[in-house]
Number of protein chains: 2
Amino acid sequence: MKKYFDILHACPLFRDIAPQEVAKTLECLNARISSFDKGEAVLSEGAPASHVGIVMTGRLQIEQTDFFGNRSMIANLIPGELFGESFACAGIKEVPVTVRAAEHAEVMLIDCLKLVRSCSDACPFHQQMILNLLQIVAAKNLIFQQKIEVTSKRTTREKLMTYLMLQARQQGRLEFEIPYDRQELADYLEVERSGLSAEIGKLRRQGMIEAEHRRFKLCNFVNHRERSSGCFGGL
Amino acid sequence: MKKYFDILHACPLFRDIAPQEVAKTLECLNARISSFDKGEAVLSEGAPASHVGIVMTGRLQIEQTDFFGNRSMIANLIPGELFGESFACAGIKEVPVTVRAAEHAEVMLIDCLKLVRSCSDACPFHQQMILNLLQIVAAKNLIFQQKIEVTSKRTTREKLMTYLMLQARQQGRLEFEIPYDRQELADYLEVERSGLSAEIGKLRRQGMIEAEHRRFKLCNFVNHRERSSGCFGGL
DNA sequence: CACTCCTTGTTGAAATTTCAACATACAAAA
DNA sequence: TTTTGTATGTTGAAATTTCAACAAGGAGTG
């Protein structure tokens with residue numbers, strides 16, 4: 001039981017809610033924990049999008065099936081992670097994905113309507129959770145926006161450079177580590193791993209970057225600024 | 001003055017707030033309207049991300065400048081549209097973009113902190129606006145997710161088919177109209193217009209779709225289901 | 001050490017996309 | 001009517017990506 005509270009406490013949905021108040025909050029929200037066997041659907045495509053879920057133990061996968069019947073994996077969820085919040089908050093009727101237990105898993109489900117409508121005694125945790133939810137969804141938004149900015153570039157080289165520059169900006173240094181290995185980076189950039197390796201090699205040979213494993217360093221990367229300054233109206 | 005209220009009333013941020021209460025809400029939020037000349041920056045890159053903006057008149061553009069100094073246009077905002085909400089709600093310090101008036105424009109700016117912290121007399125509009133904001137941000141999330149699903153496909157053909165199938169699903173029919181002309185569709189799919197036209201022609205000749213202007217019809221598209229059923233564990 | 005597994009880099013051919021250019025159709029304007 | 005402009009389709013060459021296959025270098029294991 002303790003371990004549940006540890007996970008909740010680390011979960012951004014419960015940020016700034018005092019540990020001793022979590023239990024009360026859960027009661028107020030009528031949160032319940034359900035168990036799922038490996039392969040079992042936690043949420044099936046077409047089911048009402050009414051709940052926010054939190055992985056407590058085990059591992060879940062979000063899948064989507066296209067018109068051809070091809071199933072593709074969208075995300076992999078580990079304990080502490082949230083799912084379904086965008087669907088529930090956006091007010092759509094049915095979830096367009098299936099969430100499945102990749103191994104035996106326990107999941108906490110919270111009715112989003114309950115969360116969103118203030119309870120009768122207007123408890124303050126409630127309000128805090130709504131703000132947390134807003135923060136979480138907005139942050140995810142920025143992550144998506146950034147991914148789109150990167151992957152909208154047409155060539156592997158441009159995608160890679162855009163990604164590296166964003167990382168440098170975010171980490172505030174020209175030398176930094178990325179959270180992906182080569183295959184994962186290729187997946188993120190939506191390009192072929194071999195082509196990515198080739199492009200990294202090319203940039204390295206041109207002296208624009210240093211790269212080994214997850215550590216990158218940008219060299220002759222930054223001094224090209226202002227190239228297009230004064231180009232107003234052209235956009 | 002009346003026209004401002006018309007725009008606000010149509011703005012999703014003020015959904016379910018009675019027209020006669022809007023003025024009071026604005027006062028409570030200390031909302032103010034500012035004017036900007038053409039080319040002037042409404043929000044400059046690096047400025048604190050504290051406000052949500054609503055375009056009242058004119059037109060704004062969201063720009064981003066990369067490390068090379070290349071400026072690229074991210075969005076085009078017309079009256080009634082919101083901007084800055086993801087940055088403000090996600091709690092990041094500085095906006096990573098510049099919002100600029102593309103023509104003379106009036107903008108309403110609302111301090112997100114004021115919006116998010118309940119006011120002293122806990123007015124109910126307040127709460128409704130937070131929920132509206134949550135709904136808006138979550139809906140944008142789904143739009144991004146969908147765009148990523150489409151553009152993550154590797155070929156023009158796959159991108160196009162994925163997009164058309166999603167449209168068909170959303171509109172609930174196999175014959176439907178899309179909101180883009182060819183150039184705009186190519187931009188959305190992140191492909192070349194000429195290549196897109198070629199691919200549409202190919203699909204048409206193969207009898208899989210009918211297409212003229214913005215009207216599409218999917219024909220031998222749907223019966224390929226279940227091809228990969230039973231492929232568990234392979235994902 | 002030998003062996004396996006895994007990550008990364010490399011390579012060349014095939015497939016695909018981009019790019020530039022032009023053809024056609026249609027609508028609006030003169 | 002002619003003219004102009006815009007949207008769309010088409011084409012071929014150049015550039016790029018994908019694909020399949022293999023090589024090299026660790027890390028871990030027996």
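In what follows, every chain begins at residue 1, and chains take the letters A, B, ... in the order their sequences are listed.
Here the closest heavy-atom approach between residue B/Ser86 and residue A/Ala138 is recorded as O-CB, 3.6 Å. The minimum heavy-atom distance between B/Leu218 and B/Ala168, with the atom names listed, is CD1-CB, 3.8 Å.
For A/Leu185 and C/dG9, the CG to P distance is 11 Å, given to the nearest whole Å. Atom CD1 in A/Ile178 sits about 13 Å away from atom C1' in C/dT8, given to the nearest Å. With rounding to whole Å, B/His213 atom NE2 is found 8 Å from C/dC26 atom P. Spacing between atom NZ of A/Lys202 and atom P of D/dA15 amounts to 12 Å, rounded to whole angstrom units. Between the NZ atom of B/Lys153 and the C1' atom of C/dA15 there is a distance of 19 Å, given to the nearest Å. In this structure, the CG atom of B/Leu203 is 15 Å from the C1' atom of D/dG9, given to the nearest Å. Residue A/Asp187 contributes atom CG, which lies 14 Å from atom C1' of C/dT7 at whole-angstrom precision. Rounded to an integer number of Å, the gap from B/Leu196 CG to C/dT16 C1' is 14 Å.
Applying the ring-ring contact (aromatic ring centres under 6.0 Å, His included) test to A/Tyr188 and every residue at least two apart in sequence or in another chain returns A/Tyr163, A/Tyr180.
Listed for the A/Arg59 side chain is no donor-acceptor partner under 3.5 Å among the backbone atoms of A/Ile78. With B/Arg169 contributing its side chain and B/Leu164 its backbone, the two residues share no donor-acceptor pair below 3.5 Å. With hydrogens and angles ignored, the 3.5 Å screen pairs a side-chain donor or acceptor of B/Arg204 with a backbone N or O of B/Ala211.
For A/Lys153, the NZ atom is densely surrounded, since the number of other residues' heavy atoms within 6.0 Å is greater than 12.
Under 4.0 Å is where a charged nitrogen must lie from a carboxylate oxygen, and between B/Glu103 and B/Lys38 no such pair does.
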Short heteroatom pairs, N/O only, protein and nucleotides 17-23 of chain C, under 3.5 Å:
| from | atom 1 | to | atom 2 | distance (Å) |
| --- | --- | --- | --- | --- |
| C/dT17 | OP1 | B/Thr156 | N | 2.4 |
| C/dT17 | OP1 | B/Thr156 | OG1 | 2.9 |
| C/dT18 | OP2 | B/Glu192 | N | 3.0 |
| C/dC19 | N4 | B/Ser194 | OG | 3.4 |

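Across all strands shown, B/Arg214 has no heavy atoms under 4.0 Å from either base or sugar-phosphate atoms.
The side chain of A/Arg182 has C/dT8 as its nearest neighbour among D/dT10, C/dT10, C/dT8.
Side-chain atoms of A/Thr98 and A/Glu63 include no donor-acceptor pair closer than 3.5 Å.
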Intra- and inter-strand pairing of DNA chain D, written as dot-bracket with Watson-Crick and G-U pairs under 3.5 Å and | for the latter, reads ||||||||||||||||||||||||||||||
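For the pair A/Arg205 and C/dG9, the criterion of a side-chain N or O lying under 4.0 Å from OP1 or OP2 is not met.
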